[in-house]
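The first residue in the sequence is number 1, and the count goes up from there.
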Amino acid sequence: MRKLHALLLIAVIFFALGSLVRPQSASAPVGIFEGHIDVGTVLHAGSVDYDAAKRTYTISGSGENMWLAADAFQFAWKKISGEVTLTADISFLTTTGNEHKKAVLMLRQSLDADSVYADVALHASGLTSLQFRDEKGAVTHEIQSKISAPKRLRIAKRGDYVYMSLAADAGDPDLAGGWVRIPLQSTFYVGLGVCSHDKDVVEKAVFSNVVLTDVAPGSVASVGKLNLYSTLETVEIESTDRRVAYLAPGRFEAPNWTRDGKAFLFNRDGHIERLAIGSDKPMTIDTGFATRCNNDHGISPDSTQLAISDNSQGDRESLVYIVPIAGGTPRPITQKSPSYWHGWSTDGKTLAFVGQRNRDFDIYAIPAAGGEETRLTTAKGLDDGPEYSPDGKYIYFNSERTGHMQIWRMKPDGSEQEQVFSDDLNNWFPHISPDGQWMVFLTYGADVTGHPENKDVMLRLMSLDPKTTDKKITVLAKLFGGQGTINVPSWSPDSTKLAFVSYMLVPEEKMSK
């Protein structure tokens with residue numbers, strides 16, 4: 001009898017454990033959603049209560065996290081396909097608990113814990129971000145908004161891209177960044193979710209004024225022209241967390257991070273602008289007659305001068321000039337055009353630039369005080385993007401001499417030219433961290449010629465530490481960009497972050513409020 005009791009006890013334990021790790025079966029419809037379920041491993045079952053009179057959803061959820069390669073949370077869902085917009089006011093019922101408990105608006109490929117997904121996540125701390133996992137089983141990434149604790153949130157899918165919009169009050173949300181490519185195939189899930197960020201606790205959030213708008217594939221959507229937006233972002237090389245620093249309609253390009261870490265410089269509409277960290281109000285730097293500045297500009301090692309490339313004079317081809325960092329009259333450096341600045345030697349005495357001479361684009365050096373240019377590369381094919389290493393021993397650049405664009409380096413006098421690594425992709429604009437430990441560069445697909453704008457690209461990272469034998473290349477960020485994203489040096493002074501510009505092509509349409 002004791003043996004039978006023991007077997008029964010073991011069976012009960014296994015049944016209980018199984019109920020903890022298996023997703024619960026789909027429930028009955030609730031409001032506009034077809035059902036709700038605990039996704040992933042949860043110790044306490046979640047629930048969804050719908051108040052039809054108030055049109056609110058109160059969702060209770062447990063779960064350790066929605067991060068890394070697996071999620072655990074309560075999810076109210078509906079299956080759809082095509083374009084979709086989900087908008088809601090979100091609030092937590094209590095201010096206690098883990099500050100990273102999350103309430104989310106989500107698009108999800110499946111109900112698997114490691115599914116491809118994107119969500120707009122409101123944390124109890126106020127942090128709000130676009131989180132995403134773009135491959136099944138991959139690690140989650142995020143783009144953090146500048147807006148803390150918004151009242152109204154929106155997630156939208158347009159084509160293969162997802163973005164977030166936020167409102168600090170009850171008004172209609174404004175664009176807040178994102179525009180990431182998430183490969184949601186055919187039918188997918190859209191809905192509301194809550195994660196307690198503590199496996200032993202259940203937390204509640206209220207979703208009100210919920211509006212779900214979807215357009216089925218093949219339907220005619222009331223979408224007008226595509227509007228371009230530019231987003232200045234920063235990314236931490238250790239965590240790969242991205243954060244929106246500044247967003248504006250139209251195109252701006254090529255951020256420099258000032259050497260004191262207090263501001264960014266970028267070009268827009270032919271001018272160079274300065275944006276203080278934390279500000280939304282860029283200030284135009286006076287560059288005198290140079291009113292057609294392009295995206296090749298950079299700061300001198302002593303932070304007193306700014307090299308610019310401008311198309312306003314002579315034959316309207318680009319020439320290199322130097323102006324005081326606070327603005328002033330440009331001093332001509334190159335006499336021949338086109339010439340595009342890219343690098344400043346560590347001692348501040350020499351500039352490296354790209355020049356087209358006799359129909360060939362090659363890399364040249366020229367004294368910062370002015371003088372004769374010296375040709376450094378002669379190989380067939382385009383050479384571009386020269387940048388001095390912080391120790392002054394090398395000039396890194398990109399070259400298509402092998403048939404497609406790869407990263408090379410050479411001595412400052414042009415000798416000992418060598419390929420840094422080889423792959424099947426097209427790699428542009430190597431930038432070396434101030435401490436000399438890292439190289440970041442822009443990567444296009446194998447089928448892309450040149451460095452065009454508005455493409456799916458990657459920022460990739462490679463260690464240059466001589467003590468490290470592993471030269472593995474990692475993906476720092478995937479984004480929609482290309483030309484204008486990272487043409488010039490943009491490392492933070494402490495070598496922990498990078499500034500870049502991503503782009504959005506948002507359809508002009510009337511959003512539901």
Side-chain angles (χ1 to χ4, degrees), residues 253-254 292-298 300 307-311 313-322 332-389 392-423 425-432 439 441-444 448-452 482-484 486-489:
E253 301 177 311
R292 297 182 64 192
C293 296
N294 56 54
N295 55 31
D296 295 321
H297 46 79
S300 65
I308 60 173
S309 305
D310 173 75
N311 301 59
Q313 303 301 301
D315 59 4
R316 301 287 177 164
E317 293 282 4
S318 181
L319 290 168
V320 177
Y321 302 87
I322 289 178
I333 300 298
T334 58
Q335 289 76 46
K336 298 177 183 179
S337 65
S339 299
Y340 303 89
W341 177 89
H342 274 279
W344 211 309
S345 65
T346 306
D347 61 10
K349 295 180 179 180
T350 308
L351 305 183
F353 69 94
V354 177
Q356 186 183 36
R357 310 290 185 260
N358 299 318
R359 299 183 179 180
D360 289 327
F361 277 101
D362 282 296
I363 294 170
Y364 293 79
I366 193 168
E372 296 298 317
E373 62 187 35
T374 301
R375 187 176 179 180
L376 302 180
T377 63
T378 59
K380 290 292 184 182
L382 172 67
D383 294 326
D384 203 349
E387 182 173 313
Y388 290 87
S389 59
K393 293 181 178 180
Y394 294 100
I395 294 176
Y396 284 79
F397 63 102
N398 50 278
S399 174
E400 63 178 3
R401 63 186 66 183
T402 60
H404 63 289
M405 197 61 75
Q406 294 286 277
I407 305 300
W408 287 66
R409 71 179 184 179
M410 59 185 169
K411 296 293 186 179
D413 62 2
S415 64
E416 299 182 32
Q417 297 184 18
E418 60 180 353
Q419 192 167 343
V420 178
F421 68 89
S422 178
D423 65 12
L425 301 172
N426 287 296
N427 302 299
W428 287 77
F429 304 133
H431 301 307
I432 314 304
M439 177 177 71
F441 52 94
L442 179 71
T443 296
Y444 289 90
V448 177
T449 301
H451 54 101
Q483 173 72 293
I486 190 172
N487 296 58
V488 292

Give me the atom names and distance for the closest heavy-atom approach of A368 to G348.
CB-O, 3.6 Å
F429, F397, F421 screened by ring pair (Phe, Tyr, Trp, His ring centres under 6.0 Å) with F441, the one that passes:
F421
Side chains of R401 and W408: closer than 4.5 Å at any heavy-atom pair?
yes
L376 vs D383 side-chain heavy atoms within contact, under 4.5 Å
no
Side-chain donor/acceptor of W341 to backbone N/O of G343, under 3.5 Å:
yes
Using a 3.5 Å distance criterion without hydrogens, assess whether the side chain of Q335 forms a donor-acceptor pair with backbone atoms of I333.
yes
Flag the pair R357 / E373 as yes when at least one side-chain heavy-atom distance between them is below 4.5 Å, and no otherwise.
yes
F353 and Y364 aromatic ring geometry - parallel, tilted or perpendicular at 30°/60° bounds:
parallel
On a heavy-atom basis, which atom in D362 and which in A379 lie closest, and how many Å separate them?
OD1-O, 4.0 Å
Look at the side chain of H431 and the backbone N and O of I486, then say whether any donor-acceptor pair between them is shorter than 3.5 Å.
yes
Side chain of E400, backbone of L382: donor and acceptor closer than 3.5 Å?
yes
Sort out for me which residue in T350, I432, D347 forms a side chain to side chain contact (heavy atoms under 4.5 Å, CB included) with Y388.
T350
Are R292 and R316 packed together at the side-chain level, in the sense that at least one heavy-atom pair is separated by less than 4.5 angstrom?
yes
D423, V420, N426, N398 screened by side chain to side chain contact (heavy atoms under 4.5 Å, CB included) with Q406, the one that passes:
D423
Begin from the C-alpha positions of S309 and D296 and carry the test side-chain hydrogen bond (donor to acceptor under 3.5 Å, both in side chains) through to its verdict.
CA-CA 6 Å; S309 305; D296 295 321; 4.8 Å; no
How would you list all residue pairs meeting salt bridge (Lys or Arg N to Asp or Glu O under 4.0 Å) that involve residues 405-415, not counting sequence neighbours?
R409-E418
Keeping T402 on the side-chain end and H404 on the backbone end, is there a donor-acceptor pair under 3.5 Å?
yes
